[in-house]
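Right, one structure below, let's go through it.
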Amino acid sequence: MTDSVEAPEPRGEGAEGGRRGRRAKRGPLGRLALFYRQVVAELRKVVWPTRHQLTTYTVAVIVFVLVMIGILTVLDWGFGRIIEYVFG
């Protein structure tokens with residue numbers, strides 16, 4: 001005969017206690033205010049780029065887009081010429 005020992009439930013988890021119970025009791029404006037506070041707290045954690053980094057990243061993106069436009073233009077022109085040659 002073996003006795004089984006059940007682990008006790010941790011406090012604060014469940015329908016009656018903990019953070020869930022308090023959060024569920026807030027009204028729509030309270031939840032909206034909580035959301036706004038959390039957004040502001042997360043934005044304070046962001047490491048914003050310097051003006052120099054922002055300029056560098058912007059130039060890199062613009063150059064990359066222009067290179068891709070050039071490649072696609074050449075491919076489109078080339079495929080157009082091939083289709084024109086094949087189908088006459």
Side-chain angles (χ1 to χ4, degrees):
M1 188 184 273
T2 58
D3 293 325
S4 63
V5 178
E6 294 182 17
E9 281 190 29
R11 290 188 178 189
E13 293 183 11
E16 296 178 6
R19 296 173 76 185
R20 287 182 170 237
R22 283 188 303 193
R23 221 180 260 164
K25 292 180 184 177
R26 292 187 182 185
L29 292 179
R31 288 193 306 256
L32 186 62
L34 174 65
F35 174 73
Y36 178 73
R37 284 194 304 270
Q38 289 174 344
V39 167
V40 170
E42 288 298 320
L43 284 175
R44 289 178 196 226
K45 295 178 188 178
V46 172
V47 178
W48 297 98
T50 63
R51 182 175 296 272
H52 178 54
Q53 288 173 329
L54 188 63
T55 303
T56 303
Y57 298 155
T58 303
V59 169
V61 167
I62 290 172
V63 168
F64 175 76
V65 167
L66 290 176
V67 167
M68 292 306 295
I69 288 173
I71 290 171
L72 290 175
T73 300
V74 169
L75 286 173
D76 183 49
W77 178 80
F79 284 130
R81 297 288 293 201
I82 291 171
I83 295 298
E84 196 174 293
Y85 175 75
V86 170
F87 295 109

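Values below: all heavy atoms of this structure, side chains included; hydrogens, waters and symmetry mates excluded.
Residues Trp77 and Met68 do not share a hydrophobic cluster, defined by chaining ILVMFWY side chains whose heavy atoms lie under 4.5 Å apart. One hydrophobic cluster, built from ILVMFWY side chains closer than 4.5 Å, holds both Val67 and Leu75.
For Ile83, the side-chain contact (heavy atoms from CB on, under 4.5 Å) partners at least two apart in sequence or on another chain are Phe87. Thr58 meets the side-chain contact (heavy atoms from CB on, under 4.5 Å) test with Leu54, Ile62; sequence neighbours excluded. Contacts of Glu84 classified as salt bridge (charged side-chain N to carboxylate O under 4.0 Å, His left out), with partners at least two apart in sequence or in another chain: none. In this structure Val86 satisfies the side-chain contact (heavy atoms from CB on, under 4.5 Å) test together with Ile82, sequence neighbours excluded.
Applying the under-4.5 Å side-chain rule to Ile, Leu, Val, Met, Phe, Trp and Tyr, the cluster around Val39 extends to Phe35, Leu43, Val46, Trp48. Clustering of Ile, Leu, Val, Met, Phe, Trp and Tyr side chains at separations under 4.5 Å leaves Val47 isolated, with no partner residue.
We find the CG-CD1 distance between Asp76 and Ile71 to be 13.5 Å, quoted to the nearest 0.5 Å.
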